[in-house]
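Reading through the structure tokens given below for one structure.
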Protein chains: 2
Amino acid sequence: MEGSAVTTPTAKSTQTRQLLLDTALELFATKGFSGTTMRAIATETGLSLGNAYYYFESKDAIVHELFRNLLQRHRAAAWPLLVPGNNLETNLRIALDQALEIMAPFHEFGPAFIRTAFAGAHTGPRDVHRALEFGLWRQVVAASRPLPPLAIRNDLPELLWLIQRGIFLFWAYDSSPGAARSRRLIKNVAPVTARLVVLSRMPVVRSILDDVLSLVRTAS
Amino acid sequence: MEGSAVTTPTAKSTQTRQLLLDTALELFATKGFSGTTMRAIATETGLSLGNAYYYFESKDAIVHELFRNLLQRHRAAAWPLLVPGNNLETNLRIALDQALEIMAPFHEFGPAFIRTAFAGAHTGPRDVHRALEFGLWRQVVAASRPLPPLAIRNDLPELLWLIQRGIFLFWAYDSSPGAARSRRLIKNVAPVTARLVVLSRMPVVRSILDDVLSLVRTAS
DNA sequence: AGACCTTTTTGAACATGTTCAAAATTGAAT
DNA sequence: ATTCAATTTTGAACATGTTCAAAAAGGTCT
């Protein structure tokens with residue numbers, strides 16, 4: 001078994017798995033989610049249907065990989081655009097817009113992504129996953145001038161991550177043409193967030209943010 | 001056609017539809033989501049499979065009805081418990097706890113509920129749907145003493161509704177035994193929210209809440 | 001009653017995700 | 001080289017959501 005943790009670490013079947021994955025992502029990109037059948041993936045790779053299931057326990061599992069792939073692409077696309085000197089609003093806007101840009105061709109996958117992103121069962125070391133998701137938001141903060149108030153600087157990435165989750169959820173079920181509503185939401189979220197960050201210098205606001213963050217951590 | 005708006009309003013097929021729905025909900029409650037097959041629903045009702053599809057365009061459509069049913073049950077269960085004189089925290093806690101109580105047997109439906117609750121395509125008049133979802137939260141506010149600050153009294157129901165959506169989403173993907181994590185979250189959310197409401201008297205806090213609310217309305 | 005249209009019902013098919021026992025292959029140990 | 005166990009691959013089946021053309025039932029008008 002491939003998925004089990006105790007059997008074999010890996011053989012040269014890693015290649016087969018990768019091949020399968022590549023054609024799957026290719027098909028997903030060209031034919032969409034429902035347009036891509038497990039049979040098509042297997043056939044296109046030159047394998048039998050059952051064999052595909054030897055490497056991936058379900059179609060959703062492949063979608064999960066696509067999702068992780070997109071997360072990485074998002075990170076790679078947004079990072080270089082976060083030039084230091086931008087204010088937080090600008091950088092936040094850039095990061096969020098890039099997410100939409102990367103995800104756009106896969107809007108049909110929205111609900112499946114939600115399933116895969118929200119369902120527990122984190123594969124692999126939790127820290128790696130965390131770092132992959134948080135890193136970009138840390139960079140958004142770090143590249144912004146003026147730097148956010150000390151009071152919130154450390155927690156801000158987590159807050160931004162939370163905000164982007166909300167937007168992502170909204171996008172996933174946004175049926176407006178071209179995800180126009182999601183784009184509008186982002187346009188409004190960025191300045192509001194920036195303002196909130198400024199206000200975080202005030203003890204009341206800071207205490208509220210503390211409450212919210214500890215709630216989020218309850219749910220981590 | 002039944003679903004189309006222009007053909008016939010209704011015939012005495014309403015009865016068949018209701019019969020179908022009743023056995024469906026019954027089966028859902030006893031056999032769960034994946035354990036209930038469209039064939040079973042049809043057979044149990046004494047109809048053919050194809051006929052079930054004459055009345056419901058998909059299995060999800062039936063789940064949608066179950067969801068609306070549960071919303072009503074929640075409302076009916078929570079409303080009488082909201083005795084005036086409770087403070088907001090208590091009433092909020094009651095309403096949220098009841099939601100979990102009602103939904104608990106259908107935890108397996110979580111993702112399907114999300115699909116149905118978040119996907120657009122609101123059937124029927126939008127206001128009715130709105131009222132059904134907002135009413136309870138209006139009552140939570142109205143039954144609480146002291147009454148929340150005027151500054152927020154009108155908007156609070158919408159805020160509470162938003163909070164419960166968040167919790168609901170969390171619950172839907174909460175795989176902890178007995179949804180313990182969701183319960184803990186609720187236990188913490190109630191006091192935090194109450195505190196936030198008190199603080200809403202301060203202009204800074206109020207302005208932040210305004211921002212958040214207008215964001216939500218962007219996304220309505 | 002007969003003709004005609006609409007609504008309802010059926011039965012059979014289809015598509016696709018998923019499972020599984022058995023065959024083929026591989027790789028090491030003797 | 002032979003044997004043996006683990007890994008990989010196959011092919012065929014299954015389950016279930018969904019579709020659809022055609023039959024049956026109802027209702028209305030003449």
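Model, not experiment: these values are computed from the prediction. Lettering of chains follows the sequences in order, A, B, ..., and the numbering in each one begins at 1.
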Measure CZ/A/Phe56 against P/D/dT9 and give the value in whole Å, please. 13 Å

Round to a whole Å and report the spacing from CD of A/Glu57 to C1' of C/dT19. 13 Å

Can you list the residues that meet the salt bridge (Lys or Arg N to Asp or Glu O under 4.0 Å) rule with A/Asp210, with sequence neighbours excluded? A/Arg206

Assert: residue with more 5' nearest nucleotide on DNA chain C, out of A/Asn51 and A/Phe33, is A/Phe33

Side chain of A/Ser48 (C-beta onward), nearest among D/dT9, C/dT10, D/dT18: D/dT9

Mapping B/Gly50 and A/Ser34 onto DNA chain C by nearest heavy atom, which one lands closer to the 5' end? B/Gly50

So how far is it from A/Leu92 CG to A/Leu156 CG, rounded to the nearest 0.5 Å? 8.5 Å

Atom-to-atom span, CG of B/Leu20 to P of C/dT8 - whole angstrom: 13 Å

Picking from D/dT8, C/dG17, D/dT19, the nucleotide nearest the side-chain atoms of A/Ser13 would be D/dT8

Atom NZ of A/Lys59 and atom P of C/dA15 are separated, to the nearest Å, by 15 Å

Which is true for A/Thr37 with a 4.0 Å heavy-atom rule: it touches a base, it touches only sugar-phosphate, or it touches nothing? sugar-phosphate

Measure from the side-chain N and O atoms of A/His74 to the backbone N and O of A/Ala95, and report whether any donor-acceptor pair falls under 3.5 Å. yes

Rounded to whole angstroms, how far apart are OH on B/Tyr53 and P on D/dA22? 22 Å

B/Tyr55 side-chain N/O to C/dT9 phosphate OP1/OP2 under 4.0 Å: yes

What nucleotide, of D/dT16, D/dT9, C/dT16, holds the atom closest to the side chain of A/Arg39? C/dT16

B/Glu65: which residues meet the salt bridge (Lys or Arg N to Asp or Glu O under 4.0 Å) condition with it, sequence neighbours left out? B/Arg17

B/Leu49 or A/Leu49, whichever maps to the more 5' nucleotide of DNA chain D: A/Leu49

To the nearest angstrom, the CE-C1' distance between B/Met38 and C/dT10 comes to 15 Å

Measure CG/A/Leu27 against P/C/dT16 and give the value in whole Å, please. 13 Å

Counting just side-chain N and O atoms, does A/Tyr54 come under 4.0 Å of either OP1 or OP2 of D/dT8? yes

Donor-acceptor pair between B/Asn188 and B/Arg184 side chains, under 3.5 angstrom: no

